Every structure is written in C-alpha cells, then in structure tokens.
Amino acid sequence: MIDQTDDRIKLIRQCYLFTEAQDDSLKRLAQLSHIETLPKNRDIFAAGDPPDGLRILISGLVRTWINNAEGRELTLTLIEPGEAFGEIALLDGAERSANTTVLEPARLLLLRQSAFDRVLEEDPALMRHLIVLLCDRLRRNTDDLRGFAFHDMGARLAAKLYELTMV
C-alpha cells in the first residue's frame, strides 16, 4: 500500500535521483513525504507553476506535456508506476517547465520542496550525486545536439534505434 515508512523508502530509492542517498536521508524523506490520490483528468501542475516538490507515481498513469499559444500539444512522456517527475523544478527551484495530467486514477508520493532542501543540506554525498547526474544529462544533451547538427536523418534514426535496443 506504500503507506509505511519502509515502503516509502523502497519507492524513493528506486528514483534515479536517490540511488546514492544515505539510509538516514531516505528515512527522513520518507517520513516527510505525503500520499496524494488524484482522479482521472486532474491536472497536477502546469507550466509556469511554482515548484512544490517531486512526485513518484505509485499507481495510475500520468502524461507530461507542453503546448503553444495556438493550443497545439506535444506529449513529452507517459509516466508509469515507479517513475518520478518534477525533478527539474525540485532541483533548481524555478517554475514548472511542463504540464502534467492524470490519465488514469493515480496515487503518488509527494516529496515536498522544503523537506528535500533540508535533507540535501544534511547529506553532502547526495548533493554530489545530484551534480553528477545533472552533468551526465548535460553531456547527453550535447551529444544529442551534435547528432542533430552533424548527422542526416538516417544516421540519427539508426543511433536512436540502437539506443533503444540497449535499454
């Protein structure tokens, strides 16, 4: 049911942000977390909203998407149980960069921004881990841009198919 602290710790540890977190930090995050139950078609947050924390989906399905002024929408990802979202705003404290909507009734674990900040101050190893993760993401983005700039469509498609087979 993910209502006990031990269950919450397991769920949080599965999130790539917290794989290197100390047990004490995970326990504190778990104790400070909250369970949300949301109905189908409920918006969780919108682009431009202030950050309130990171969510880990326990059950259900959530869509992350962006739109333009004309109302066109682009789905960025479908979030399935065990996956986390909202990490960009959690880490930089800036407004949300995308929208999220519940597609199937959902239960989520919410790690509030204030709780995360307190734990981060107490766990320098976690802070270092997060820096390494962000650097890795920047390097991947640079590689992606290199591919878009210097390879034709066939080469980009082949590279993406290869990447997908490695998962």
Side-chain angles (χ1 to χ4, degrees), residues 9-23 25-26 29 33 43-104 106 108-113 115-117 119-167:
I9 289 171
K10 289 177 190 171
L11 187 64
I12 294 167
R13 184 170 298 285
Q14 289 175 359
C15 175
Y16 73 100
L17 292 175
F18 304 111
T19 57
E20 300 294 320
Q22 298 174 10
D23 291 339
S25 295
L26 289 173
L29 285 170
S33 67
D43 290 332
I44 301 171
F45 53 77
D49 284 353
D52 62 347
L54 169 95
R55 287 172 175 82
I56 302 173
L57 188 61
I58 299 167
S59 63
L61 184 66
V62 172
R63 173 183 177 226
T64 301
W65 56 282
I66 55 174
N67 62 321
N68 66 9
E70 291 82 37
R72 293 182 60 197
E73 296 179 359
L74 174 67
T75 297
L76 300 175
T77 188
L78 294 177
I79 299 160
E80 297 180 330
E83 296 178 337
F85 61 99
E87 70 273 20
I88 294 172
L90 177 78
L91 294 171
D92 70 9
E95 63 187 29
R96 298 290 185 179
S97 60
N99 310 291
T100 56
T101 304
V102 176
L103 297 182
E104 295 176 2
L108 306 107
L109 183 73
L110 171 61
L111 300 175
R112 293 217 180 268
Q113 184 85 41
F116 174 77
D117 289 343
V119 171
L120 196 58
E121 288 173 9
E122 298 166 2
D123 188 350
L126 177 58
M127 190 177 302
R128 175 74 180 148
H129 174 68
L130 293 174
I131 290 168
V132 169
L133 287 174
L134 291 173
C135 290
D136 180 61
R137 182 168 282 183
L138 285 171
R139 288 179 188 279
R140 282 187 281 135
N141 287 345
T142 300
D143 288 343
D144 289 345
L145 287 173
R146 182 179 292 112
F148 285 122
F150 301 118
H151 297 105
D152 64 25
M153 178 63 81
R156 291 195 310 260
L157 178 60
K160 187 62 174 178
L161 290 172
Y162 177 77
E163 176 187 325
L164 291 171
T165 63
M166 302 309 289
V167 175

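Because the structure is a prediction, the values reported are computed rather than measured.
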Close side-chain approach of Asn67 and Leu74, heavy atoms under 4.5 Å: no
Can you name the one residue among Leu29, Ile12, Leu54 that meets side-chain contact (heavy atoms from CB on, under 4.5 Å) with Leu109? Ile12
Quick one: CD on Glu87 to CG on Leu133, what's the gap to the nearest 0.5 Å? 10.0 Å
Whether Asp123 side chain and Leu120 backbone form a donor-acceptor pair below 3.5 Å: no
Got a donor-acceptor contact below 3.5 angstrom from the Glu83 side chain to the Glu80 backbone? yes
Ion pair Arg140/Asp136, N-O distance below 4.0 Å: yes
Minimum side-chain heavy-atom gap Ile79-Leu61 below 4.5 Å: no
Spatial distance of atom CG (Leu26) from atom CD1 (Ile9) [nearest 0.5 Å]: 6.5 Å
Apply side-chain contact (heavy atoms from CB on, under 4.5 Å) to Ile44 and Phe85, showing your working. CA-CA 11 Å; Ile44 301 171; Phe85 61 99; 3.8 Å; yes
For the residue pair Asp52 and Gln113, establish whether any side-chain heavy-atom pair is separated by less than 4.5 Å. no
Hey, could you give me the OG1/CZ distance between Thr100 and Phe45, rounded to the nearest 0.5 Å? 4.0 Å
Find the distance between CE (Met127) and CD (Glu121) and round it off to the nearest 0.5 Å. 7.0 Å
Asp43 side chain to Thr101 backbone, donor-acceptor under 3.5 Å: no
Should the ring pair Phe18 and Phe116 be called parallel, tilted or perpendicular, given that the plane angle runs from 0 to 90° and is split at 30 and 60? perpendicular
How about Ile58 and Leu108: do any of their side-chain heavy atoms sit closer than 4.5 Å? no
What's the spacing between Arg112 CZ and Ser33 OG if we round to 0.5 Å? 10.5 Å
Heavy atoms only: give me the nearest His129-Leu17 pair and the separation to one decimal. CD2-O, 3.1 Å
Thinking salt bridges, do Asp23 and Arg13 make one under a 4.0 Å N-O criterion? yes
Any salt bridge linking Arg63 with Glu104? Criterion: basic side-chain nitrogen under 4.0 Å from a carboxylate oxygen. no
How long is the gap from OG1 on Thr64 to CZ on Arg96, to the nearest 0.5 Å? 10.0 Å
Are the side chain of Thr142 and the backbone of Leu138 linked by a donor-acceptor contact shorter than 3.5 Å? yes
